[in-house]
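A short worksheet on the structure shown next.
Index from 1, following the sequence.
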Amino acid sequence: MIKFKRFELENGLRIIVHQDKSTPLACLNILYDVGARDENPEQTGFAHLFEHLMFGGSVNIPSYDEPLQRVGGENNAFTTNDITNYYLTLPAENLETGFWLESDRMLSLAFSEKSLEVQRNVVIEEFKQRYLNQPYGDVWLLLRPMAYKVHPYLWDTIGKEISHIENAKIADVKNFFAKFYCPNNAIMVVAGNVELDEVKRLAEKYFASIPKGPDNKRNLPIEPFQTEARSLTVERDVPVDAIYKAYHMCSRYDKEYYTIDLISDVLSQGNSSRLHNTLIKSKKLFSDLHAYVMGDFDKGLFVVSGKLSKGVTMEEADNAIMEELEKLKSEFVSNNELTKVKNKVEATHVFGEVEVLNKATNLAVSELLGNADIINNEVGKYLSVTIEQIKEQANLIFRKENCSTLYYKSKNN
């Protein structure tokens, strides 16, 4: 049970405080309710660009990293299609430095043509290195627009194409910042060896005067039901053939999410899982094979992806995956099998909540999903899943017409 206190500033900034006396550290996590799905379809990659810009210094603090490192702190961030999350850890006695740094960049990020140019080049280089020049790097650039036709999940966090970042103007960047990087669009979690009264004092001192931003009401296009099987075959300079199958599923908010997440565990969690046992170990059709849920806040994807063993055809590989999915549709999983994956979820949750940083991030995400207390109820939701629900969801999801398949062929074959 993770205990926490919650309060809110007049400008709409929600603050959650979790005290953990077992650590000498404090963690400050700021989650902004903005991701790639909030971008203009003609200007994609902005949320990820901001992940870089936010470390480029603010008006009063030219270098973000330097003062933090001086007090023994470290920081990082990540962007998804749904959120942008910034976090830092530092010795608890230096907590005020964290408040000072984070408040200054929320209030007055330093925008200059020079900083934009520097970060733009960093992102363009990342696009080339990680997505275009790396083996299998462009998979999501191909798979997303096949699975999605209208919802903004059809592009990856890096963006649709390099030109969107190349052509980003300072005015566009400033508008994006003013709209989304404001207190009423953020959740701050302070966790570790901290006192509630001290956090309240620092929050008032550093964040209360930051003006409220606009009320962002999302009105994203709803992805229509997929009614036909989609496929794409590409040939690339990669070591071996690979296959990616993406099925539409519910959102992270839906109660069915927990059932579907357990289905992915039944299929590929560990060496005793179905896909590993049957298709890797026994039939030797794949060198690796995974099933996972994307965990998207809007209706997301269940993905099965694997690299084929030498000499195995795409048809053989595809049919073998389908056969395993069909078993889930026609037969109940055993109670033992379900209990085993539930136990793993429970263990993962317990070990995951040891780190103060993990707790801070998970509290912020839970709050965004509706209530920070979700963090304390999630395991119970997994444990209550039945074998009947597993079969029901398997039948809803694993339909041919609900699937987009990417056949990723090696030129060497």
ask   = Does the pair D241/K409 count as a salt bridge with the N-to-O cut at 4.0 Å?
value = no

message = Does the structure place the NZ or CZ of K307 under 6.0 Å from the centre of the six-membered ring of Y408, at an angle of no more than 45° from the ring's axis?
response = no

request  = For R37, check side-chain hydrogen bond (donor to acceptor under 3.5 Å, both in side chains) against everything at least two apart and list the hits.
outcome  = D82, D298

request  = Report the relative orientation of the aromatic rings in F176 and F46; use parallel for angles under 30°, tilted for 30 to 60°, perpendicular for over 60°.
outcome  = perpendicular

inquiry  = If I take atom CZ from residue F332 and atom OG1 from residue T386, how far apart are they, to the nearest 0.5 angstrom?
reply    = 8.5 Å

message = I'd like to know whether the aromatic ring centres of H290 and Y292 sit less than 6.0 Å apart in this structure.
response = no

query = Do Y87 and N75 meet the criterion of a side-chain donor-acceptor pair at a distance under 3.5 Å?
reply = no

query = Any donor and acceptor pair, going by atom type alone, linking the side chain of N402 with main-chain N or O of I397 inside 3.5 Å?
reply = yes

query = Can you check whether D33 reaches N216 side chain to side chain, under 4.5 Å on heavy atoms?
reply = no

key: Polar side chain donor-acceptor pair, T44 to E39, under 3.5 angstrom   = no

ask   = CD of E355: more than 12 outside heavy atoms within 6.0 angstrom?
value = no

task = Could you name each residue pair satisfying salt bridge (Lys or Arg N to Asp or Glu O under 4.0 Å) that touches residues 159-176, not counting sequence neighbours?
result = none

request  = For residues T405 and Y244, determine if any side-chain heavy atom of one lies less than 4.5 Å from a side-chain heavy atom of the other.
outcome  = no

request  = Determine the minimum heavy-atom distance between P239 and S410, stating which atoms define it.
outcome  = O-OG, 3.6 Å

Side chains of Y247 and Q226, donor plus acceptor under 3.5 Å = no

query = Any side-chain heavy atom of V59 within less than 4.5 Å of one from R105?
reply = no

message = Consider side chain to side chain contact (heavy atoms under 4.5 Å, CB included). Of T84, N185, N175, which one does F180 pass it with?
response = N185

remark   = Rounded to the nearest 0.5 Å, the CG atom of L279 sits from the CD1 atom of I321 at a distance of 7.0 Å

query = Ion pair present between E228 and K400, side-chain N to carboxylate O less than 4.0 angstrom?
reply = no

ask   = Can you find a side-chain donor-acceptor pair between K340 and S272 that sits under 3.5 Å?
value = yes

task = Flag the pair L267 / S264 as yes when at least one side-chain heavy-atom distance between them is below 4.5 Å, and no otherwise.
result = no

note = side chain to side chain donor-acceptor pair (under 3.5 Å) with R274: of E324, Q269, E337, only one passes, and it is E337

inquiry  = Out of the candidates K217, R218, K179, only one should pair with D38 under the salt bridge (Lys or Arg N to Asp or Glu O under 4.0 Å) rule; please name it.
reply    = R218

task = Assess whether side chain to side chain contact (heavy atoms under 4.5 Å, CB included) is satisfied between L68 and W100, documenting all intermediate values.
result = CA-CA 10 Å; L68 186 63; W100 170 61; over 6 Å; no

inquiry  = Please check if the number of heavy atoms outside E74 that lie under 6.0 Å from its CD is greater than 12.
reply    = no

request  = Quick one: do H276 and K281 satisfy side chain to side chain contact (heavy atoms under 4.5 Å, CB included)? Show the steps, please.
outcome  = CA-CA 6 Å; H276 191 276; K281 213 153 67 178; 4.2 Å; yes

query = So with a 6.0 Å cut-off around NZ of K5, is the heavy-atom count from everything else above 12?
reply = no

query = Can you tell me how far the CG atom of N76 sits from the OG1 atom of T89, to the nearest 0.5 Å?
reply = 10.0 Å

note = Heavy-atom closest pair (L116 atom, L49 atom, distance to 0.1 Å) is CD1-CD2, 4.1 Å

ask   = Taking side chain as C-beta onward, heavy atoms only, is Q19 less than 4.5 Å from F4?
value = no

ask   = How about R252 and D296: do any of their side-chain heavy atoms sit closer than 4.5 Å?
value = no

message = For the residue pair R14 and F7, would you count it as a cation-pi contact if the rule is NZ or CZ under 6.0 angstrom from the ring centre and within 45 degrees of the ring axis?
response = no

query = Should K149 and L154 count as side-chain neighbours, where that means a heavy-atom distance under 4.5 Å?
reply = no

inquiry  = Closer than 4.0 angstrom, basic N to acidic O: yes or no for E10 and K212?
reply    = no

query = What do you reckon, are the aromatic ring centroids of H248 and Y148 less than 6.0 Å apart?
reply = yes

message = Check whether N94 reaches the backbone of V71 with its side chain - one donor and one acceptor, N or O, closer than 3.5 Å.
response = yes

key: Donor-acceptor contact present, side-chain R230 to main-chain A147, <3.5 Å   = yes

request  = Flag the pair K329 and E326 as a salt bridge only when some basic side-chain nitrogen lies within less than 4.0 angstrom of an acidic carboxylate oxygen.
outcome  = yes

ask   = Any side-chain donor paired with an acceptor under 3.5 Å for Q69 and Y64?
value = no

inquiry  = Restricting to non-hydrogen atoms, name the atom on S58 and the atom on S108 that form the minimum distance, rounded to 0.1 Å.
reply    = CB-O, 3.3 Å

inquiry  = With a 4.0 Å cut-off on N to O distance, would you call E66 and R70 a salt bridge?
reply    = yes

note = In terms of heavy-atom contacts, I243 and F286 come closest through CG2-CE2, 3.8 Å

ask   = Looking at K327 and E331, does any basic side-chain N land under 4.0 Å from a carboxylate oxygen?
value = no

salt_bridge(E117, R120) N-O dist < 4.0 Å = yes

request  = Report the C-alpha separation of K245 and D318 in whole Å, then their side-chain angles, then the decisive distance to 0.1 Å, and conclude whether the salt bridge (Lys or Arg N to Asp or Glu O under 4.0 Å) test is met.
outcome  = CA-CA 9 Å; K245 298 185 77 65; D318 203 355; 2.9 Å; yes

task = Say whether T23 and N193, considering side chains only, have a donor N or O and an acceptor N or O under 3.5 Å apart.
result = no

request  = Describe, in one word, how the ring planes of H52 and H48 are oriented to each other, choosing from parallel (under 30°), tilted (30 to 60°) and perpendicular (over 60°).
outcome  = perpendicular

task = Could you tell me the separation between the CG atom of L275 and the OG atom of S268, rounded to the nearest 0.5 Å?
result = 6.0 Å

Under 3.5 Å side-chain donor-acceptor pair for D65 and S63 = no

inquiry  = Using side-chain heavy atoms (C-beta onward) and a distance below 4.5 Å, is Y153 in contact with M294?
reply    = no

request  = In sequence, state the C-alpha distance, the side-chain angles, and the governing distance for Y32 and F50, and then conclude on ring pair (Phe, Tyr, Trp, His ring centres under 6.0 Å).
outcome  = CA-CA 11 Å; Y32 289 96; F50 261 93; 9.5 Å; no

key: Rounded distance [0.5 Å steps], CG in L109 versus OG in S115   = 7.5 Å

Side-chain H-bond candidate by donor/acceptor type, N11 with N184, under 3.5 Å = no

I'd like a table of donor-acceptor pairs (distance under 3.5 Å, sequence neighbours excluded) in which one partner is a side-chain atom from residues 198-206, with atom names and distances.
{"unit_1": "E198", "atom_1": "OE1", "unit_2": "R201", "atom_2": "NE", "d": "3.0"}
{"unit_1": "E198", "atom_1": "OE2", "unit_2": "R201", "atom_2": "NH2", "d": "3.0"}
{"unit_1": "K205", "atom_1": "NZ", "unit_2": "E96", "atom_2": "OE2", "d": "2.7"}
{"unit_1": "Y206", "atom_1": "OH", "unit_2": "E96", "atom_2": "OE2", "d": "2.6"}

key: Separation of L406 CG from L232 CG (nearest 0.5 Å)   = 5.5 Å

request  = Would you sort out whether I165 and F127 count as a side chain to side chain contact (heavy atoms under 4.5 Å, CB included), showing the intermediate values?
outcome  = CA-CA 10 Å; I165 296 301; F127 201 127; 5.8 Å; no

